[in-house]
Amino acid sequence: MSGSKTSSGNFFEDFRLGQELVHATPRTVTTGDAALYTALYGSRFPLTSAASFARATGLPDTPLDDLLVFHVVFGKTVPDVSLNAVANLGYAECRFLKPVYPGATLSTRSEVIGLKENSNGKTGVVYVRSIGRDETGEAVLDYVRWVMVRKRDEATPAPAPVVPTLKAALDPSELVMPAGFEPDGYDTLLAGSPHLFDDYSVGERIDHVDGMTIEEAEHMLATRLYQNTSRVHFNQHVEGKGRFGRRLIYGGHIISLARALSFNGLGNGCFVVAINGGSHTSPTFAGDTIYAWSEILDKAEAGPKAGYLRIRTCAAKNHACTDYPDRDADGKRRAEIVLELDYWVMMPRVQR
Amino acid sequence: MSGSKTSSGNFFEDFRLGQELVHATPRTVTTGDAALYTALYGSRFPLTSAASFARATGLPDTPLDDLLVFHVVFGKTVPDVSLNAVANLGYAECRFLKPVYPGATLSTRSEVIGLKENSNGKTGVVYVRSIGRDETGEAVLDYVRWVMVRKRDEATPAPAPVVPTLKAALDPSELVMPAGFEPDGYDTLLAGSPHLFDDYSVGERIDHVDGMTIEEAEHMLATRLYQNTSRVHFNQHVEGKGRFGRRLIYGGHIISLARALSFNGLGNGCFVVAINGGSHTSPTFAGDTIYAWSEILDKAEAGPKAGYLRIRTCAAKNHACTDYPDRDADGKRRAEIVLELDYWVMMPRVQR
Amino acid sequence: MSGSKTSSGNFFEDFRLGQELVHATPRTVTTGDAALYTALYGSRFPLTSAASFARATGLPDTPLDDLLVFHVVFGKTVPDVSLNAVANLGYAECRFLKPVYPGATLSTRSEVIGLKENSNGKTGVVYVRSIGRDETGEAVLDYVRWVMVRKRDEATPAPAPVVPTLKAALDPSELVMPAGFEPDGYDTLLAGSPHLFDDYSVGERIDHVDGMTIEEAEHMLATRLYQNTSRVHFNQHVEGKGRFGRRLIYGGHIISLARALSFNGLGNGCFVVAINGGSHTSPTFAGDTIYAWSEILDKAEAGPKAGYLRIRTCAAKNHACTDYPDRDADGKRRAEIVLELDYWVMMPRVQR
């Protein structure tokens, strides 16, 4: 009798190639969410902080932080895609297509674009392309992610394996300049950083200096704000008996923290326009202090007034990034690294 | 000299039958409160999550969660009614009369409807009927609660005992359909649950599966958001020397958590329309993990398109509800049960 | 290569007398910030709680808490003024010039009004007058603060010492009545306190009774909400090895907590109109329980309907203020005192 009403999520054999998943729980994002986002990460990027600053650059209002939008759009996919996930394996080709303003209602749909059963017959990898849309139906975000999902029944025959070809990085020509943004009105003094697009060099590395310690209440407030239902973040009664003995922090919380820390050194990287990929290389727990450093991987002009910086940001736990902790000689990441994120930001070239 | 300016709350002999209490601190509720409520409980009920969803069902905007309204209205009564309470004994006949939207200003008045001194001469039971109104003066919520309050002076003679007759449960005919709600526009796909009113049977039990661990910061943020001044929730310096050695979590925090957990299994129970009664059977503390299960107690049609489900939800601490923890053979509740809540929700019968 | 992009803040020799500092990160304050502020401190002052109450007193809307405005305006100065501060020495002549409503965008500029190198040649004291303005350019707040800042290079010659003359307290004639406020519409019943301006006497002391325990998540959420980047509040990895072994709580968090506690006894002190000075006499840490008591230092009429009370509020940690903890016979503050704040509040004289 029970169980029938309760969703137990999808198992590997529930996914079919080409299947469209209409995710539940559309979400209106508001200035309340923006305030909480500031309280959670202390972000100082000026466009998301001040309406006056946003309007001076041609925007109608203060946009919501791109990563807040990402987390909300992503959160909707969890009950359908990753409730029975053994591992979140990766994401790619994530583009931010349109700034989102308070009052917008976000919803998400996904298409299954790849399926590959693992040789153990117990799990399989599911690839989905997810699109977040606002209430007008316009896409604000799309991305691909792939997760390893349990099979309900090992005896179910494996589907024909299909693995999509994914780009290592989006090409600058595929990036979308945030609609309405006019770099002419951008004021570097008020933005808090004098360094513009042309001041950065490929290969340059920046230690973002500051560290931020995470509390249980903080990551849980954040993850619930995103309506992300992944159980490992919330239930100490179960996790206390598990592999780590602790609740795991949602990887996106670390992404947002690293982005906020990156303000110190990349303060004019005012929009995240794409995420090429990311690896959560080590789990993080309450009590960990997160630091970050970045490397400029690539640059691309976007007309005379703005450009795109491709950045690799590494976050480390309980280890200041003065030594730019990275991979060892044999390519193995150092244990303190918890996140490696490859993304494009838009940065103005001119100053008012 | 001091003390005269500081409110020490009312004692048993300060209450008179028929007395009206005008509670202080009217409160404008906003999208900021709604965002915090989502961050605190992770609620996914669609009407309170998305303006587009709410509008499709005929509502003018995203209503605030019914229980947020309850907590705000309730919080106002604490300084006058329960600051010197020995125990919150119960509540009954709670009806939600009108959806509340961001921007509404809530205030509360109570009438003393019963008084009964205890035989020990040290305490007495005070019954109040409280009405929460919005800024137009329209009632949004009414309920009865009774608390055991200390006497200031044991020598004060007892008043004539008056104990109001309270209903064990509201009759379906007394329930108020949320104004403007049109089930025709309700989309079960976006709501995240296919199960509608006619799919539930009286006697059916549902384990809501998930567990949520509570942190000190979370329950204190919530209880302050509701401007509930009950001291036991906030002061570790005092509570550390008390009976439990810990701050007690506001019972309403557990109600909201149980309601949010109940989404998994009762996802289309989109409005709480009444609370028949509730018992906080065991205290909860930071670090506890809350689980919940529900039983359908009764059903009543509300026209061809919606119905009311009477639900008993039990919350348990540090105990998964796969075994539906309940009363023993002798009627005694199992120790892990922290809340038993008897309430009516409105659920659509049709799907778009 | 690195370091050049990262701001390391100003050192003593970077400041010049008369220099204007345009602080970064303008900030639009919203109802989201107001909700968080309520959740963080549980404030019950009615003007900031209810739009209906604010409108009845002639205001166009619910103003934001004066101290929220203070913290936001103050936070902007940290990256330029106090990132390399050894100590925050004091503040003075702080006037609240105009109520701030949701939607306003706050920004801050400071002028260096004093410089005095210390005799050790390693540090110096910097005095700045900071002005917070809204998006129309009107000043909402101004104040002086002075901090002890490290020199980058001890060999740099000392500037000619200039120490501004600062008032011990603002004169009532310098205080600004909040624009639009009409005491006629003030309802003491809804405000929750019957005591008005004429009920208070100079020398009167009030124990605010209640205590509030602070959690790490709470003070960090608050301090990030204010975009205050002072590192000692956030990084346990570093602070754990430091003098206290703990993250320090932002002094302004204690001010806000003491103000919220002061409602019980000073409930109609509805606006803070000035801060004459404040001393954070002892550090506070997560786990501390804050209590407060106040003394009326002075009174000044502001016409027939309102007046100003000059108040000294002392906050103590882990010590109930029934004994009004204060200075010893030799003028030394008792160890439990963490804050001494000297300020003016506006309080109505009439009741509706």
Side-chain angles (χ1 to χ4, degrees), chain A residues 1-9 21-37 39-40 72 75-76 79-80 83 102-107 134-136 215-231 233-240 247 286, chain B residues 30-36 38-46 49-55 61-62 102 188-193 195 199-201 203-218 221 260 264-267 287-291 293 317-320 322 324:
Chain A
M1 184 168 61
S2 164
S4 62
K5 294 295 193 306
T6 306
S7 169
S8 55
L21 303 163
V22 178
H23 304 299
T25 324
R27 172 77 149 76
T28 302
V29 283
T30 69
T31 56
D33 297 300
L36 264 164
Y37 196 85
L40 286 163
V72 169
K76 319 232 144 303
D80 300 317
L83 212 60
T105 298
L106 303 175
S107 57
D134 64 18
E135 73 285 0
T136 70
E215 301 297 318
E216 298 281 13
E218 293 169 352
H219 77 84
M220 294 202 298
L221 286 169
T223 310
R224 283 186 299 246
L225 186 71
Y226 312 142
Q227 296 171 308
N228 179 324
T229 58
S230 187
R231 293 161 182 165
H233 309 314
F234 301 115
N235 187 329
Q236 183 60 29
H237 183 241
V238 164
E239 298 307 318
R247 281 161 278 179
Chain B
T30 69
T31 55
D33 297 301
L36 264 163
T38 302
L40 286 163
Y41 307 109
S43 172
R44 290 182 286 149
F45 290 99
S49 180
S52 58
F53 195 100
R55 287 181 187 132
D61 193 1
T62 324
T188 52
L189 204 55
L190 289 179
S193 168
H195 310 295
D199 299 324
Y200 290 84
S201 312
E204 182 173 356
R205 298 190 302 176
I206 301 159
D207 168 20
H208 301 305
V209 179
D210 304 306
M212 183 76 73
T213 306
I214 307 174
E215 301 297 317
E216 298 281 14
E218 294 169 352
L221 286 169
N264 195 354
L266 289 165
D288 284 342
T289 300
I290 304 300
Y291 295 87
W293 68 275
K317 64 178 175 187
N318 310 320
H319 181 103
T322 42
Y324 309 102

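Here is the naming used below: chain letters follow the sequence lines, and residue numbers restart at 1 for every chain.
- Judged purely by atom type and a 3.5 angstrom limit, A:T25 has no side-chain atom pairing as donor or acceptor with the backbone of B:G192.
- Of the two parts of A:R27, the backbone and the side chain both hold a non-hydrogen atom closer than 4.5 Å to a non-hydrogen atom of chain B.
- B:S52 places no side-chain N or O within donor-acceptor distance of the main-chain N or O of A:T105, the cut-off being under 3.5 Å.
- Once rounded to the nearest 0.5 Å, the distance linking NE2 of A:H237 with NE2 of B:H319 reads 8.5 Å.
- Ion pairing between a basic and an acidic side chain is recognised when a charged N comes within 4.0 Å of a carboxylate O; A:E135 and B:R55 show no such pairing.
- With chain A as the partner, the residue from B:G42, B:S49, B:G265 showing the most heavy-atom pairs under 4.5 Å is B:S49.
- A donor-acceptor pair under 3.5 Å links the side-chain atoms of B:T213 to the main chain of A:Q236, judged by distance alone.
- Proximity to chain A (any heavy atom under 4.5 Å) is restricted, for B:A320, to the backbone atoms N, CA, C and O.
- Each of B:D210, B:I214, B:T322 has some count of heavy-atom pairs under 4.5 Å with chain A, and the biggest count is that of B:D210.
- Interatomic distance, OH of B:Y291 versus CG of A:N235, reported as 3.5 Å (0.5 Å rounding).
- Chain A forms the most heavy-atom pairs under 4.5 Å with one residue out of B:G211, B:A217, B:G32, and that residue is B:G211.
- Proximity to chain B (any heavy atom under 4.5 Å) is shown, for A:T223, by neither the backbone nor the side chain.
- Minimum heavy-atom separation, B:Y41 to A:R224: C-CD, 3.5 Å.
- Listed by chain and number, the residues in a salt bridge (Lys or Arg N to Asp or Glu O under 4.0 Å) with A:R247 are A:E216, B:E215 (sequence neighbours excluded).
- For the atom pair A:L221 CG and B:L40 CG, the distance stands at 5.5 Å (nearest 0.5 Å).
- Note that CD of B:E218 and CD of A:E218 are 10.5 Å apart. Values are rounded to the nearest 0.5 Å.
- For chain A, the nearby parts of B:A51 are the backbone and the side chain; heavy atoms of each come within less than 4.5 Å.
- Heavy atoms of B:S193 lying under 4.5 Å from chain A are absent altogether.
- Counting only distance, with no hydrogens or angles, the side chain of A:K5 and the backbone of B:D199 share a donor-acceptor pair below 3.5 Å.
- Using a 4.5 Å cut-off between heavy atoms, A:P102 does not touch chain B at all.
- Heavy-atom distances place the backbone of A:H23, and not its side chain, under 4.5 Å from chain B.
- Taking chain A as the reference chain and counting heavy-atom pairs below 4.5 Å, the highest number among B:T31, B:D288, B:I290, B:N264 is found for B:N264.
- How far NE2 of B:H195 is from OG1 of A:T6: 7.5 Å, rounded to the nearest 0.5 Å.
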